[in-house]
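Small disclaimer: the values here were computed from a predicted structure and weren't measured. FYI, side chains are in, hydrogens and waters are out, and symmetry mates aren't considered; it's all heavy atoms of this structure.
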Amino acid sequence: MAEVPACAGAAGPAEASVPPGRPVVCEELLGTAVLAALEQRFAEGLVPPREPQAVIHPNGFVKLPLAQTDDGAIRLFLHVWRADSIDADVHDHRWPFSSLVLRGEVSHTLTEVTVISGSAGSRSGEKDAKEVFPVVRYRLAGGEHCFDFSHGESAVVDRRRTHVLSAGRRYGMEAFVFHRAHSLAGAMTLVARGVPQQPYSRVLLNDETPVPAMKPWRRLDQDERRRHLRDALEVLR
């Protein structure tokens, strides 16, 4: 079987924002995956995505599964940012990932936090000096995000770092790192996602914008799905 062309770590200036070891894939494979998703013909080393339905994420961007490697180690997605696209709250992921900015610009904020289990009363001095947010666990079930408020965790924000990334730049993170992303309408990113390392992710709640117990995902119609895939192919050429 032919080896899937995958790259690990930073390979040049455009990849300087990707720490070593993230599931970075070469642009050749990304183009192959976009074409495979459009034509539903998968090259050797790639298989159809586990969950093929393209959706509009609760945060407003299109999440379009492309393919996965045949060993299941890497899942490939196209994200298309819409007019109402913004991560509502700082959150982490249960998997490592890398993204290539294909079109437009992405503002990416890494947030370093200290998570406090149970009551945070003993850290009142630190709470007074820094931002503190409730931590909620969430998971996808039945096509909806389910939020679990029962663990009583808080997060003290230690530091924030924002990078503005233009087309051709890469960024990525290990699992369990808190971040937030924002982009203008029409921006596109190609995402390589690793294997989940726990059954849930976490979100820092902003008291001004409370998260409901359930957040629905909306299905993307086939015409819009094909349009986004054709757009991505045009940019990759």
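- P96 and P23 get closest at one heavy-atom pair: O-CG, 3.8 Å.
- Residues V80 and L38 share a hydrophobic cluster, clusters being chains of Ile/Leu/Val/Met/Phe/Trp/Tyr side chains in contact below 4.5 Å.
- When hydrophobic clusters are built by joining Ile, Leu, Val, Met, Phe, Trp and Tyr residues whose side-chain heavy atoms come closer than 4.5 Å, directly or via intermediates, V195 is not grouped with L46.
- Here the side chains of Q197 and F176 are in contact, with some heavy-atom distance below 4.5 Å.
- Going from atom CZ of R193 over to atom CD1 of I74 covers 12.5 Å, rounded to the nearest 0.5 Å.
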Side chain to side chain contact (heavy atoms under 4.5 Å, CB included) evaluation trace for E105 with L184: CA-CA 7 Å; E105 193 174 77; L184 298 178; over 6 Å; no

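- Atoms CG and CG, from L66 and L229 in turn, are 6.5 Å apart once rounded to the nearest 0.5 Å.
- Between E51 and K63 there is no salt bridge, since no side-chain nitrogen of the basic residue lies less than 4.0 Å from a carboxylate oxygen of the acidic one.
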message: Apply side chain to side chain contact (heavy atoms under 4.5 Å, CB included) to residues V177 and D92 and explain how you reach the verdict.
response: CA-CA 5 Å; V177 176; D92 72 1; 5.7 Å; no

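- Taking the side chain as every heavy atom from C-beta outward, T162 and S107 approach each other to under 4.5 Å.
- Of the residues V135, D89, V115, V136, the one that meets the side-chain contact (heavy atoms from CB on, under 4.5 Å) test with L204 is V135.
- Taking NE2 of H108 as the reference point, atom CG of L110 lies at 5.0 Å (rounded to 0.5 Å).
- At least one side-chain heavy atom of L100 sits under 4.5 Å from a side-chain heavy atom of E27.
- Closest approach of P65 to F77, counting heavy atoms only: CA-CD2, 3.6 Å.
- Residues L78 and H228 have side chains in contact (heavy-atom distance under 4.5 Å, counting atoms from C-beta outward).
- Ring geometry for F61 versus H79: interplanar angle of 30 to 60°, hence tilted.
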task: Begin from the C-alpha positions of R82 and E224 and carry the test salt bridge (Lys or Arg N to Asp or Glu O under 4.0 Å) through to its verdict.
output: CA-CA 12 Å; R82 297 162 62 92; E224 188 174 357; 3.3 Å; yes

message: Let's go through V157 and T114 carefully: what are the C-alpha distance in whole Å and the side-chain angles of both, what is the deciding distance for side chain to side chain contact (heavy atoms under 4.5 Å, CB included) to 0.1 Å, and is it a yes or a no?
response: CA-CA 7 Å; V157 175; T114 301; over 6 Å; no

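- In this pair, Y171 and F97 present their aromatic rings perpendicular. The plane angle is above 60°, beyond the 30 to 60° band.
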message: For a side chain to side chain contact (heavy atoms under 4.5 Å, CB included) check, start with the C-alpha distance between V62 and L220, then their side-chain angles and the critical distance, and finish with the verdict.
response: CA-CA 8 Å; V62 169; L220 193 73; 3.7 Å; yes

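- To the nearest 0.5 Å, the span separating OG on S99 from CZ on R170 amounts to 9.5 Å.
- The main-chain N or O of Y200 is found under 3.5 Å from a side-chain atom of Q198 such that the two form a donor-acceptor pair.
- Within the 4.5 Å cutoff, the side chain of R161 has heavy atoms near those of the E112 side chain.
- Annotation: side chain of V203 is not in contact with side chain of F178 (no heavy-atom distance under 4.5 Å).
- Other residues, nucleotides and ligands place more than 12 heavy atoms under 6.0 Å from the CZ atom of R226.
- Here the closest non-hydrogen pair linking V101 and T189 is CA-CG2, 4.1 Å.
- Centroid-to-centroid, the aromatic rings of H93 and H179 come within less than 6.0 Å.
- Within the 4.5 Å cutoff, no side-chain heavy atoms of V34 are placed close to those of L76.
- Other residues, nucleotides and ligands contribute over 12 non-hydrogen atoms within 6.0 Å of the CZ atom of R227.
- Between F42 and A36 the shortest heavy-atom distance is CD2-CB, 3.6 Å.
- Taking CG of L236 as the reference point, atom OG1 of T32 lies at 9.5 Å (rounded to 0.5 Å).
- The distance from atom CG of L102 to atom CE of M188, rounded to the nearest 0.5 Å, is 6.5 Å.
- When side chains are defined from C-beta on, D231 counts as touching R103, because their heavy atoms get closer than 4.5 Å.
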